[in-house]
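The basis for the numbers below is simple: all heavy atoms, side chains too, and nothing from hydrogens, waters or symmetry mates.
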Amino acid sequence: MTSPLDKFYSKTRQTLLWMHLAHEPFLVLYTLLPFILRKDLGASLLQLSILSSLRPILPIFSFYWSSDLCTGKHSLRYNLIGAWILARAPFLIVPWIDNAWYLIFSCACYELFNRSGIPALMEILKINMPNQSMHRIYTICFVISFFESILLGIFLTEILKNSILPWKTCCGIAALISLSSIFAQMKLVFPSEHQTTPQEKISSGNKILMPWKAAFSLLKTHADFARFQYGFMIGGFALMLAAPSLSLFYVDHLHLSYSEIVLGRSILMGIGITGSAYFWKQSLMKQQVDRIVKYILLGFCTYLVILYFSSFHKNLFYMSYLLYGMTQAGSHLLWNLSGPLFAGHANSSPFSTVNILMVGLRGCVAPALGGILCNYFGPSPVLLISASICLIGFFYMMRQKTENLSPSTELAS
């Protein structure tokens, strides 16, 4: 005999899987757009610089989308669907527009709204799934989608290389496939007790300041969540600091070919992610978050050090991305699932929204600073500086008093 809650669980599980599978073709093509922008549309250095700045900076505006999100079923569903559509719809007309600036505009919409729907999605998962099932299903969908991305990456490379389909046509088709997820999202159902929560009307001036006040108030009142954010901020800052140096390091120091980059950054990184995701999921369910953050910081530190020494032996480049994939799996799962984890029975959207805000804050500083350091010292020293920052973060977390999650936020085991 099935439980009344089984229909909510089943529908949510199917929707999450559809979202991951339908989005992956678009995501694979999206990662190639900087190369396409330069090669086919003749983008200038200014246009490429603007494109590269979108991902780290725009999350600081994304968090406004869900900053006043209530737990009502209609609010959650419409928030998720709205963000999903606005992030992908501009790409539908890319096949008919031959303009670099429009493609940059489309990428800006994606970077702005792609993260915006995450708080609503995480709250939906928390409402409709038990903790143990939520972490298991999310991990499975993540791993399956990465297997899909490896195959699609090889397939798409052959399509573009042999001119079977123009990249513009592929872009429109991929966006359409990704948008098909909204049909599953529209059918999401919720237990009857989760109704729309009435909200007080806020003046336009307060709408700008209130989310910031709420975010920092949350950090003050939840010490465990604040420790998690500080550790993640240090590691994320280090990776963003190194990002501008990577392309120069690959080309000028390692002299990598396109196939070698694909082998390292797609295939071996994918193997690292899929091979380690299960163990990260088990750690999320059984161990302390502080300890997981320590492992992530140490993993990213080791990745950067090995990448630095790959200039002496190219095989270390492949080893570094295998380790990066293993560490990134834990980082991705913890970042996305930390909202429901820390919220317990409360609304998880404010916690997930703080995650987005912190990405934007470090994105306003780290990439620009990394570019300046790379210009003065070269890419190799920047890698070591970034590794040192991760190591500092590791020792910072080691010095913190590790505490178990409170009963309201403890994961089911």
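Here the side chain of S310 pairs no donor or acceptor atom with the backbone of L316 at under 3.5 angstrom. In this structure, H222 contributes its side chain and D224 its backbone to no donor-acceptor pair below 3.5 Å. Side-chain atoms of S276 come within 3.5 Å of backbone atoms of G272 as a donor-acceptor pair (strictly under, hydrogens ignored). Panel note: side chain Y102, backbone P90; a donor-acceptor pair is recorded below 3.5 Å. Formation of a donor-acceptor pair under 3.5 Å by the W84 side chain with backbone atoms of N114 is not found in this model. With hydrogens and angles ignored, the 3.5 Å screen pairs a side-chain donor or acceptor of T353 with a backbone N or O of S349. N79 places no side-chain N or O within 3.5 Å of a backbone atom of A120 that could act as its donor or acceptor partner.
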For Q185 and Y78: C-alpha separation, side-chain torsions, deciding distance, then whether side chain to side chain donor-acceptor pair (under 3.5 Å) applies.
CA-CA 9 Å; Q185 296 167 13; Y78 294 153; over 6 Å; no
Set out, in order, the CA-CA distance, both residues' side-chain angles and the distance that settles side chain to side chain contact (heavy atoms under 4.5 Å, CB included) for H313 and F309, then state yes or no.
CA-CA 7 Å; H313 199 296; F309 283 106; over 6 Å; no
Go through the steps to decide whether M326 and I273 satisfy the test side chain to side chain contact (heavy atoms under 4.5 Å, CB included), and finish with yes or no.
CA-CA 5 Å; M326 295 169 62; I273 286 177; over 6 Å; no
Quick one, I97 with I93, criterion side chain to side chain contact (heavy atoms under 4.5 Å, CB included). Give me CA distance, side-chain angles, the key distance, then yes/no.
CA-CA 7 Å; I97 298 181; I93 58 175; 3.8 Å; yes
Please assess H253 against S311 for the test side chain to side chain donor-acceptor pair (under 3.5 Å), listing each intermediate value before the final yes or no.
CA-CA 6 Å; H253 290 251; S311 58; 5.6 Å; no
Decide side chain to side chain contact (heavy atoms under 4.5 Å, CB included) for Y110 and L86; before the verdict, give the C-alpha distance in whole Å, the side-chain angles of both, and the deciding distance to 0.1 Å.
CA-CA 7 Å; Y110 177 76; L86 291 172; over 6 Å; no
Side-chain donor-acceptor distances from residues 368-378 under 3.5 Å, at least two apart:
none

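For the residue pair P25 and A22, the shortest heavy atom distance occurs at CD-O, 3.4 Å. Of all the heavy atoms in T139 and Y278, the pair that sits closest is CG2-N, 4.5 Å. Of all non-hydrogen atoms in F249 and S380, the two that sit nearest each other are CE1-OG, 3.5 Å. Scanning all heavy atoms of the two residues, the minimum distance from F351 to F225 falls at O-CZ, 3.4 Å. L297 and G231 make their closest contact through CD2-O, 3.7 Å (heavy atoms, listed as atom of the first residue, atom of the second, distance). The shortest heavy-atom contact between S178 and H23 is OG-ND1, 3.3 Å.
The aromatic rings of F142 and H332 sit parallel, their planes meeting at an angle under 30°, below the 60° perpendicular limit. Ring pair Y308/F312 is perpendicular by interplanar angle, where above 60° counts as perpendicular and below 30° as parallel. Using cut-offs of 30° and 60° on the angle between ring planes, the pair F300 and Y303 is perpendicular. Taking the six-membered ring where tryptophan is involved, the planes of H20 and Y138 are perpendicular, since the angle between them exceeds 60° and thus also 30°.
Residues meeting the ring-ring contact (aromatic ring centres under 6.0 Å, His included) test with F394, sequence neighbours left out: none. When the side-chain contact (heavy atoms from CB on, under 4.5 Å) test is applied to I173, the partners found at least two apart in sequence or on another chain are T169, I177.
A distance of 11.0 Å separates CD1 of I137 from CD of Q14, quoted to the nearest 0.5 Å. Rounding to the nearest 0.5 Å places OH of Y230 at 10.5 Å from CZ of R227. M122 contributes atom CE, which lies 9.5 Å from atom OG of S338 (distance to the nearest 0.5 angstrom). Atoms OG and CD1, from S283 and I292 in turn, are 5.5 Å apart once rounded to the nearest 0.5 Å. In this structure, OG on S180 lies 11.0 Å from CE on M19, to the nearest 0.5 angstrom. For the atom pair R13 CZ and W18 CH2, the distance stands at 15.5 Å (nearest 0.5 Å).
Inter-residue side-chain proximity for F342 and L337 is flagged as unmet; no heavy-atom pair is nearer than 4.5 Å. In this structure, the side chains of I296 and F232 come closer than 4.5 Å at one or more pairs of heavy atoms.
More than 12 heavy-atom neighbours from other residues, nucleotides or ligands sit within 6.0 angstrom of OH on Y396.
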